[in-house]
Every structure is written in C-alpha cells, then in structure tokens.
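For reference, the structure discussed in these notes is given below.
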Amino acid sequence: MKKKAFKAAFPYTVPIGIGFLFLGMSYGFMMQSKGFSVWYPFFMSMFIFAGSMEFVTSNLLLSAFSPVAAFFLALMVNARHLFYGLSMLDKYKNTGWKKFYLIFGMCDESFTVNCTVTPPDDVDRGWFMFFVNLLNQIYWVFAATAGALLGYVIHFDTTGIEFVMTALFIVMFLNQWEETKDHRPALVGLICSAICLLIFGSSNFIVPAMVFIIICFTAERKVSRKTMEAEAK
C-alpha cells in the first residue's frame, strides 16, 4: 500500500522538487549571508516549512524581540492556508494519524497536487497525500541546507534574492491560467487583490483580499445554484 502510494506520488513532486532546489538554495544563501549558521535554515525549513515566512523570519531574528508583532505578521503572510485548510476538510477525513502531518505539511504546491490529482483506484488516498507532503518537505529541507552550505564556499551579492518567492507564485499562476479554460477565479483573485492593495496598502492587504475573494466566490456559487434551479424548473 505504502509503496504504491509513494510511486504514484513521486512523479507529481519532481517538478516541485526542481523548483524548490533553486528557491530553497536561494533561501539558504540568504541566511548564510546574514550570518546565520547552517543549522538555522535546516531546522527552520523542517519545523516552520513555510517558504515565504522563512524568508521573513530571517529579518525577525535580526530585529527587536516582539512576539505579538511576529504572530500577526505570520498570520498575515500565511493567511491563505486558512482557506486552503477549509477546502481540504473532506479530503483529510479517515486518514488517521496522517491527518496531523497533512495539516502541518500543507504548502502551496502540496495543496495544488492533493486538491487536483486523483490517485489510482488501487492507491490509498491518505498515503498518497502523505507522500506528496513528505517528498516536498524533503526537497525543501535539502535545498535550504545545501544553499547554506554552498554559501560558505560561493560568495555573491544577495540583494533582491527574496524576489524568487514572488517569481514562484507568478509562474504557478501562469501555469494554472494555461491549464484551465475558466479564468473567472483567477480574474476575481486579481481584481480583489488589486482593490484591497489600493485600500489597505501593501503591508495589510492580504487578509482583506482573502476575505473579499471568499465572499465573491460564495456569492457567485449562490447565483449559479439559483440559475441551475431555475433552468431545471
């Protein structure tokens, strides 16, 4: 059962692993350039496992101690996972102890695979999702640690290296745009984010944008349901 699930999950994680290699190594390089030892990116990528927050944490560790500010910053940076989690409630049912790791290890890329891919009939879905999460985290931990180690040997200007996270999300958005015919969800996300960016500013727009997007999707779903009911009559 486990072997089949691993073989089914592995091909879907390979492209993610390649992306994580460059992104994680850039994070490791950045941590080393700021004076942190290799153990920092190793343990942070193992226990935090949130790429965008790990980049932010490097600056938090160098600034004044403010746990309350750090908490709200982490909430804003990773608020999207609240909505990811809600959409995965049904998929995580009956997964036993694996549910705890599935919740912890749900990054953007793992969510995309586990949400959209249906494993073969002879493969247990719980183990399939487990190995998707596990493999992606292994890629990230390895890449972050390797980047920090290489940082001791290779020296270059790391100014602007944090932009790789933004570049990753842009590529993911473009791939999803090309793979789907219905672009309304993407357009709703862009418009809602742009409006909230103008109203709340670049530092505070993420949570309002998420709420705005959910409201729009809920309203659109209700309208579609009423339309279908009217057509059925």
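The first residue of the sequence shown is numbered 1, and numbering continues consecutively from there.
- Heavy atoms of other residues, nucleotides or ligands lying less than 6.0 angstrom from OH of Tyr101 number more than 12.
- With sequence neighbours left out, Lys7 forms a side-chain contact (heavy atoms from CB on, under 4.5 Å) with Lys3.
- Residue pairs meeting the salt bridge (charged side-chain N to carboxylate O under 4.0 Å, His left out) criterion with at least one partner in residues 119-136, sequence neighbours excluded, are Lys4-Asp122.
- In plain terms, the two heavy atoms of Val141 and Thr145 that are nearest each other are O-OG1, 2.8 Å.
- The minimum heavy-atom distance between Phe65 and Pro67, with the atom names listed, is CE2-CD, 3.5 Å.
- Sorted by first and then second residue, the salt bridge (charged side-chain N to carboxylate O under 4.0 Å, His left out) pairs with a member in residues 13-25 form an empty list; sequence neighbours excluded.
- Contact annotation: the side chain of Met129 approaches that of Tyr92 to within less than 4.5 Å [non-hydrogen atoms, C-beta and beyond].
- For the residue pair Pro208 and Phe200, the shortest heavy atom distance occurs at CB-CE1, 3.4 Å.
- For Gln32 (side chain) and Val38 (main-chain N/O), no donor-acceptor pair under 3.5 Å exists by modelled atom type.
- Judged as a side-chain contact (heavy atoms from CB on, under 4.5 Å), and not counting sequence neighbours, the contacts of Leu190 are Phe173.
- Partners of Ser110 by side chain to side chain donor-acceptor pair (under 3.5 Å), not counting sequence neighbours, listed by chain and number: Asn136.
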TODO: Could you walk me through whether Lys34 and Tyr40 pass the side-chain contact (heavy atoms from CB on, under 4.5 Å) test, one step at a time?
DONE: CA-CA 11 Å; Lys34 291 180 180 292; Tyr40 277 85; over 6 Å; no

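- Between Trp140 and Glu54, the closest side-chain pair of non-hydrogen atoms falls below 4.5 Å.
- Both Leu62 and Ile48 are part of a single hydrophobic cluster, where members link through side-chain heavy atoms under 4.5 Å apart.
- In this structure, CG on Leu198 lies 8.0 Å from CD1 on Ile195, to the nearest 0.5 angstrom.
- Legend: residues meeting side chain to side chain donor-acceptor pair (under 3.5 Å) with Ser193, ordered by chain and number and at least two apart, are absent.
- Residues Phe55 and Ser26 share a closest heavy-atom pair of CZ-OG, 4.0 Å.
- To the nearest 0.5 Å, atom CG of residue Asn133 and atom CG of residue Asn114 are 5.5 Å apart.
- Under the 4.5 Å side-chain heavy-atom criterion for Ile, Leu, Val, Met, Phe, Trp and Tyr, Trp97 and Leu134 are members of the same hydrophobic cluster.
- In terms of heavy atoms, Val188 sits closest to Ile213 at O-CG1, 4.4 Å.
- Scanning for ring-ring contact (aromatic ring centres under 6.0 Å, His included) contacts around Phe100 gives an empty result, with sequence neighbours left out.
- Every residue two or more places apart in sequence or in another chain that forms a ring-ring contact (aromatic ring centres under 6.0 Å, His included) with Phe131 is listed here: Phe6, Trp127.
- For the atom pair OG of Ser58 and OH of Tyr27, the computed distance is 7.0 Å after rounding to the nearest 0.5 Å.
- Using a 4.5 Å heavy-atom cutoff, the side chains of Ile16 and Val113 are in contact.
- Between the side chains of Glu109 and Tyr139, no donor N or O sits under 3.5 Å from an acceptor N or O.
- Applying the side-chain contact (heavy atoms from CB on, under 4.5 Å) rule to Phe43 yields the partners Trp39, Phe47; only residues at least two apart in sequence or on another chain are considered.
- With values rounded to the nearest 0.5 angstrom, Leu149 atom CG is found 10.0 Å from Phe29 atom CZ.
- Atom CZ of Phe111 is separated from atom SG of Cys107 by 11.0 Å, given to the nearest 0.5 angstrom.
- By the side-chain contact (heavy atoms from CB on, under 4.5 Å) test, Leu89 is found to be paired with Leu86, residues two or more places apart in sequence or in another chain being considered.
- Heavy-atom minimum distance, Cys196 versus Phe212: SG-CD2, 4.0 Å.
- With sequence neighbours excluded, no residue satisfies side chain to side chain donor-acceptor pair (under 3.5 Å) with Tyr12.
- Residue pairs meeting the salt bridge (charged side-chain N to carboxylate O under 4.0 Å, His left out) criterion with at least one partner in residues 82-101, sequence neighbours excluded, are Asp90-Lys93.
- For the atom pair CD1 (Ile18) and CG (Leu23), the distance works out to 13.5 Å, reported to the nearest 0.5 Å.
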